[in-house]
Student: 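Quick one: structure below, then a few questions.
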Amino acid sequence: MRMDTEDLGPRLIKITLAGRLDTPGVDSIETRFLATLVPNGNSAVIDMSQVDFISSMGIRMLVSAARSLKVRQASLSLFGVQEQVSQILELVSIGQMIHVCASEAEAQSAVRSSVA
Amino acid sequence: MDDEIYSGTVRLDPSAMLGKPAPVEEIGHYLVLISAGQTSRRIQIGETAITIGRGQDQALVISDTSVSRHHARISIVDGEVVAEDLGSTNGTFVNGVRLKVPRKLVHGAAIKVGNHVLRYERRSKDDIRRKEALDRELADASAYVLSLLPEPISDGPIQTEWQFVPSTQLGGDAFGYFWLDQQTFVLFMIDVSGHGVGAAMHSVAVVDVLRQRALPDVNWRNPGQVLASLNNRFQMDRYHGMLFTMWYAVYDVSSRTLSYSAAGHHPAYLLTPGQGAVTPLGVKAMMVGATPDLTYPVESAAIQEGSVLYLFSDGAFEVTSAAGAQGTLNDFVPLIGASREPGAESDRLLRTVRQGARPGPLEDDCSILVATFA
C-alpha cells in the first residue's frame, strides 16, 4: 500500500492512496494516515483512483479518521473511486460520514464548504 | 611492577565483560503443507529424509492422483535442505521451475508436488513454539465462538443448516437464530471488522446481547429498531475502534413475511421455487458503531413454501484464487441455488469456495447459513 501526501493550503491535505485497502494495506499506512490528519485537524481530499480493493478494515480506517476529524471541525472527501470499491462504499452508506466526489475539484469544494 | 600498576584496578574476566554468551538459537527446518482452503500442516525435517508420495510407505502421504507413489524427497545435506524429484509423472517444481537435479532450498521456497504446495521454512525453534502456543489460543477462541452458534434445525416451519470456518487468525463472524415466540423467528449474522481475538471477543459480546435480548425498550420484531439500538450501544470509540456489519431479519410464520434490515452488510439472497433468479434482500446503511443515532430502513419479502434464504459473510466471496484474482459478491451469487443439494447446501457452497481459493487456509472467517421455509 502506498500513501503520498501533498499540502493544498492551510489545514488541507491531499492524500493519494495506491494498492489494496485490506488488512495488510491498512496495517502498513494506518498510523501515518491518522497522524497526518487527526492531531492537527487537517481536512483531506483522498485520491482513491489507484485503490482497487477495500475491505472492512479499510472502511474502518476511513470512518475512524472521519469521526476524529468531525470533532475538530474538519472532514474527508474521496474522489476517483473505482467501480468495485464504489459499490462497497455505497453498501455501507459511507456518504453519511464522508463526501464521495467525482473529481478532485469537487472534493476540495466539499471539504472547504463543510469546514467553513 | 605489573602488580603496582594494576593495584587498585579491577580486573575483569573477559567473559564477564561480555556477559554470558547468548544462547545459540536453535534453528529448525520445516515443511508446511498448504492445501486449498484448509489449515496448514507443519512438518519438521530431521536427519531422516522426508519422502513424499501417494504410496503408504512414504513419510508424507498425499492421497491424490496428481501425486506419484514415490514423488519427491526432501533431505538435509551438509546442513542445507535439498529437494529432489524421484522420477514422478507430473514433476516436482521449486518456485515454478521443474526439478531435473537436486536443488538446495532457501527459506520460503515453494515446492509443488502434483496439485499440492509445500513451503520450506528455516526458523528458530522458539519461534515455532511461540507460534504454536498462539495458534492453540486462537483455536480455543474459535472453539468458544463455535460453541455459541445454534444447533441446525431439521424440522418445523424453518429448517437451518450452516458452515462456520474461522480463518487462522480468527475473524469476527458470528450468527444465530431463535424463536421470539411460536410465530416469530429471528435470524442474524454479524461480521466485526478485523481479525484476531479482539474481533472475536466483540462478536461474542454482540451475540450475547442478542441471545439475552438485552436491549432495553426495543421491539425485537422491528429490525430497524434492533440495529439502531445496537448502533448506539456499540459505538466504536467505546469498543477499541470496532465496527461491525450486520444483517437481521424477523420471520412471521402466520403472514409468511420476512422483515429485514442491514448495517453495512451485503444482501442475503432468497431463492423462491419456480423462479430462476435469486432475489437480493439488502439495505444500504452504515456499519454498526460508526456514528450515533443512525436509522436503519426495514424492507420485507413474501416467503413461499419451499423458499430458501442464503445468508453469508464476506469471507465466502472475498477469496483470492490460485491465479491471484480477487473474488467478489458477483462471483458468489451465481453459485446460490445452482446444482442445489437440499439439506447440504451450506456444505456444497463451502466446498465450492474452497475449490476456488488459493492454497492455504481461507483469508477470513467464512460463514454460510441456509434457512429453508416449509
Side-chain angles (χ1 to χ4, degrees), chain A residues 1 18-31 33-35 37-38 48 50-76 78 81-100 114, chain B residues 167 169 171-173 190-196 198-199 202 231 235-247 262-267 280 282-297 313-315 317-320 324-331 363-365:
Chain A
M1 190 76 208
R20 289 168 59 88
L21 262 180
D22 54 7
T23 300
V26 169
D27 283 349
S28 70
I29 63 159
E30 186 171 27
T31 302
F33 182 82
L34 295 176
L37 296 174
V38 177
M48 296 283 286
Q50 297 170 72
V51 174
D52 49 25
F53 179 75
I54 188 165
S55 72
S56 60
M57 285 300 283
I59 293 164
R60 187 173 91 161
M61 182 184 82
L62 296 174
V63 166
S64 181
R67 270 182 80 112
S68 300
L69 290 179
K70 188 177 177 187
V71 296
R72 291 167 173 79
Q73 285 79 50
S75 69
L76 289 183
L78 312 180
V81 181
Q82 293 186 23
E83 177 58 28
Q84 192 178 321
V85 174
S86 176
Q87 286 176 11
I88 294 167
L89 296 181
E90 201 179 322
L91 177 72
V92 301
S93 291
I94 199 101
Q96 288 183 268
M97 294 183 73
I98 298 169
H99 313 285
V100 182
S114 65
Chain B
S167 69
Q169 293 180 296
D173 279 14
I190 65 172
D191 183 359
V192 177
S193 59
H195 294 104
H202 200 53
N231 180 55
Q235 280 296 296
M236 66 188 297
D237 55 350
R238 295 201 297 271
Y239 290 90
H240 195 54
M242 296 282 182
L243 292 173
F244 60 94
T245 67
M246 183 164 183
W247 194 91
H265 202 284
H266 52 272
V283 167
K284 290 174 180 172
M286 192 56 111
M287 295 162 83
V288 174
T291 190
D293 303 324
L294 292 173
T295 55
Y296 292 90
S313 63
D314 57 7
F317 58 85
E318 283 181 356
V319 170
T320 308
Q326 174 69 54
T328 67
L329 181 60
N330 293 338
D331 299 320
E363 295 154 76
D364 195 359
D365 285 3

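Small disclaimer: the values here were computed from a predicted structure and weren't measured. Proteins come first, then strands; the chains are lettered A, B, ... in the order of their sequence lines, and each starts at number 1.
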Student: Chain B heavy atoms under 4.5 Å from A:Q84: which part of the residue, side chain, backbone, both or neither?
Tutor: side chain
Student: Under 4.5 Å between any side-chain heavy atoms of A:Q96 and B:T291, yes or no?
Tutor: no
Student: Can you tell me how far apart OG (A:S56) and NE2 (B:H195) are? Round to the nearest 0.5 Å.
Tutor: 7.5 Å
Student: Side chain from CB out, backbone as N, CA, C, O: work out which of these in A:S64 comes under 4.5 Å of a heavy atom of chain B, or both, or neither.
Tutor: both
Student: B:L329 versus chain A, heavy atoms under 4.5 Å apart: side chain, backbone, both or neither?
Tutor: neither
Student: Is chain A contacted by the side chain of B:D237, its backbone, both, or neither, given a heavy-atom distance below 4.5 Å?
Tutor: both
Student: How far apart are the C-alpha atoms of B:M287 and A:V63, what are their side-chain angles, what is the distance that settles it, and do they pass the side chain to side chain contact (heavy atoms under 4.5 Å, CB included) test?
Tutor: CA-CA 10 Å; B:M287 295 162 83; A:V63 166; 5.8 Å; no
Student: CG of B:L243 to CE of A:M61: how many Å apart, nearest 0.5 Å?
Tutor: 12.5 Å
Student: Working to the nearest 0.5 angstrom, can you tell me the gap between B:M286 CE and A:S93 OG?
Tutor: 7.0 Å
Student: So B:M236 and A:R60, do their side chains get closer than 4.5 Å, heavy atoms only?
Tutor: yes
Student: Answer with side chain, backbone, both or neither: which region of B:H266 has an atom nearer than 4.5 Å to a non-hydrogen atom of chain A?
Tutor: both
